[in-house]
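Only this structure's heavy atoms are used, side chains among them; waters, hydrogens and symmetry mates stay out. Just so we're clear, the structure is a prediction, and the values are computed from it rather than from any experiment.
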Amino acid sequence: MQRHLIIDLLGIQDKHVDIWHIEKTEKGYEIQLYTKQKQQKCPHCKARTKRIHAYRWQPVQAMLEVHQPVTIQLCKTRYLCTTCEKTFMEKLQFVDRYQRCTNQMQSTALVYAGTQSFTQAARHAGITTNRLIRMFDRQTIPTTKVLPKILSVDEFKGDAEGEKFQTVIVDAENSMIVDVLPDRKIDTIKAYLRSCDTSQVEVVVMDLSQAFKKAIRDVLGDPLIVADRFHYMRHVYWALDQVRREVQRSLSKKERIRMKRSKKLLWKSPKALDEEGKEKVQQIIAIDPRLKEAYELKNRLDHWFKTSDKKTVKKGMNVCIKAMETSTILAFERVAQMFKRWGKEILHSFIYPYSNGITEGINNTIKVLKRLSFGIRSFQRLHDKILWQQQVKQILQK
């Protein structure tokens, strides 16, 4: 292998670095490098000098090819300033001071860390996990303080530094993570919003969190809030399932098993059932009048949700709320109260084409990242890993 090619593969751009000796072994390559005498700028007095004071050998780890590790013995030069008589070590582009691996190898390892766990990334890069974590922690991951026009706020289970849940702030228009907060407390969200430029924010998409709603209104005044469609409709299905479980407890063992296995069948829309499925549903809801009433309420709300538009949604919602309030089922009465509290935000979800779907997808990628790493205890490291993963994916997609 030609010498200039090895220099290029190692990512060495310092023109005064040359190869002294190279040897191919079973474990990879062993290369001795040295630096030629070159005029240097004294870091103390800024004077120019070429006076050599001493030499020092420094071991450096590198990667020449895939799975071809390189052990470099670098002969570095220490210079003497003839003006201030102080000595200093020459600066090199391909390896930083006090480092034991090349900058190219560090960059490769950090790219791996953007798509894998630290352990996997370190193994692929040929360095130790602790070294990669130290390199990663030295990075500064930039975040913007100018919040976007369409803001999405959601929580995810991060389990970092004693807090079970963390909060993710997302640019819903561009599917980008803006920032990650250490918890989901009102004061934390308020402090973050006050530290940012919120002049562009027009729409905020969220689930049915009173804490998020209060923080947004306290800081941003009265922005247009859109309730996520999935989050308010799942309360309807939860209410039906609560009735199913209550009925299930009063049945014999055989009937309990049958009722338990009927959950997905009851959740399906009647239009999605074949004749056999419809017959099974009729047999199940005939067991108890409460279950039949709950099933009919669920179907009414499901029909309203799927057939309404911005002109008919309000009238249909009021009819559904009245039906739930006059029912004998406490679970659906609570759903009616929820619809009243979030009525304005629910109506907005039919008028404006925004939802938390993008944010939920981002949360899934965060959960996968956390699972691959078997959890990340440090919030700052978790925060940086999430944002770094996003940056690496953007680079790789170009």
Side-chain angles (χ1 to χ4, degrees), residues 1-25 27-114 118 121-142 388 391-392 395:
M1 190 178 292
Q2 296 181 6
R3 295 191 171 209
H4 71 274
L5 180 59
I6 295 175
I7 293 290
D8 291 340
L9 289 174
L10 291 174
I12 300 175
Q13 296 179 7
D14 302 280
K15 300 299 183 182
H16 65 298
V17 175
D18 203 353
I19 297 175
W20 196 337
H21 176 72
I22 180 169
E23 183 179 351
K24 179 73 168 67
T25 65
K27 296 182 179 180
Y29 291 90
E30 291 183 1
I31 301 175
Q32 290 182 344
L33 299 179
Y34 72 98
T35 59
K36 301 173 184 177
Q37 187 179 20
K38 181 183 177 183
Q39 189 176 62
Q40 302 287 331
K41 185 177 181 180
C42 176
H44 306 287
C45 68
K46 310 305 179 184
R48 299 283 180 176
T49 182
K50 290 183 69 174
R51 179 75 62 85
I52 296 175
H53 176 71
Y55 297 97
R56 181 172 72 86
W57 287 96
Q58 176 181 335
V60 180
Q61 191 177 2
M63 190 70 73
L64 195 60
E65 301 171 1
V66 178
H67 303 301
Q68 286 290 326
V70 176
T71 301
I72 295 175
Q73 291 295 333
L74 174 64
C75 183
K76 295 181 71 175
T77 305
R78 191 170 190 87
Y79 286 87
L80 171 67
C81 179
T82 55
T83 304
C84 64
E85 297 186 351
K86 291 184 178 180
T87 63
F88 59 92
M89 192 65 70
E90 64 179 333
K91 289 184 179 181
L92 296 173
Q93 176 274 334
F94 80 102
V95 59
D96 292 333
R97 191 179 184 186
Y98 305 124
Q99 296 304 304
R100 292 295 180 265
C101 64
T102 63
N103 292 337
Q104 184 189 57
M105 193 173 190
Q106 290 189 36
S107 300
T108 302
L110 290 172
V111 170
Y112 287 149
F118 287 119
R123 188 181 298 118
H124 289 161
I127 62 176
T128 64
T129 304
N130 287 337
R131 175 182 284 183
L132 176 56
I133 290 174
R134 288 195 300 270
M135 285 160 39
F136 184 82
D137 289 344
R138 285 198 299 268
Q139 285 195 121
T140 301
I141 311 295
W388 180 243
Q391 288 187 23
V392 169
I395 293 170

For [Y], is there any backbone N or O sitting under 3.5 Å from a side-chain donor or acceptor partner on [X]?
X     : Y      : answer
Asp14 : Phe94  : yes
Glu90 : Thr77  : yes
Asp96 : Asn103 : no
Tyr79 : Lys38  : yes

Gap between atom [atom2] of [Y] and atom [atom1] of [X] - 0.5 Å precision:
X     : Y      : atom1 : atom2 : result
Thr87 : Ile52  : OG1   : CD1   : 13.5 Å
Cys75 : Gln58  : SG    : CD    : 10.5 Å
Leu74 : Arg100 : CG    : CZ    : 10.0 Å
Ile72 : Ile12  : CD1   : CD1   : 5.5 Å
Gln73 : Ile31  : CD    : CD1   : 11.0 Å
Ile19 : Gln32  : CD1   : CD    : 11.0 Å

Hey, is [atom1] on [X] packed in by over 12 heavy atoms from elsewhere, all under 6.0 Å?
X      : atom1 : answer
Arg51  : CZ    : no
Arg56  : CZ    : yes
Lys24  : NZ    : yes
Gln139 : CD    : yes

Of all heavy-atom pairs between [X] and [Y], which one has the smallest distance, and what is that distance?
X      : Y      : result
Gln39  : Lys50  : CA-CG, 3.4 Å
Cys101 : Val95  : O-CG2, 3.8 Å
Ala47  : Thr83  : CB-OG1, 3.4 Å
Leu80  : Thr49  : O-OG1, 2.8 Å
Gln106 : Arg138 : OE1-NH2, 4.0 Å
Met105 : Gln61  : SD-O, 3.6 Å

*Can you say whether the rings of Trp388 and Phe136 are parallel (under 30°), tilted (30 to 60°) or perpendicular (over 60°)?*
perpendicular
*Heavy-atom side-chain proximity of Asp18 to Lys36 below 4.5 angstrom*: yes
_Residue pair Gln391 / Pro142, side-chain heavy-atom distance below 4.5 Å_ = yes
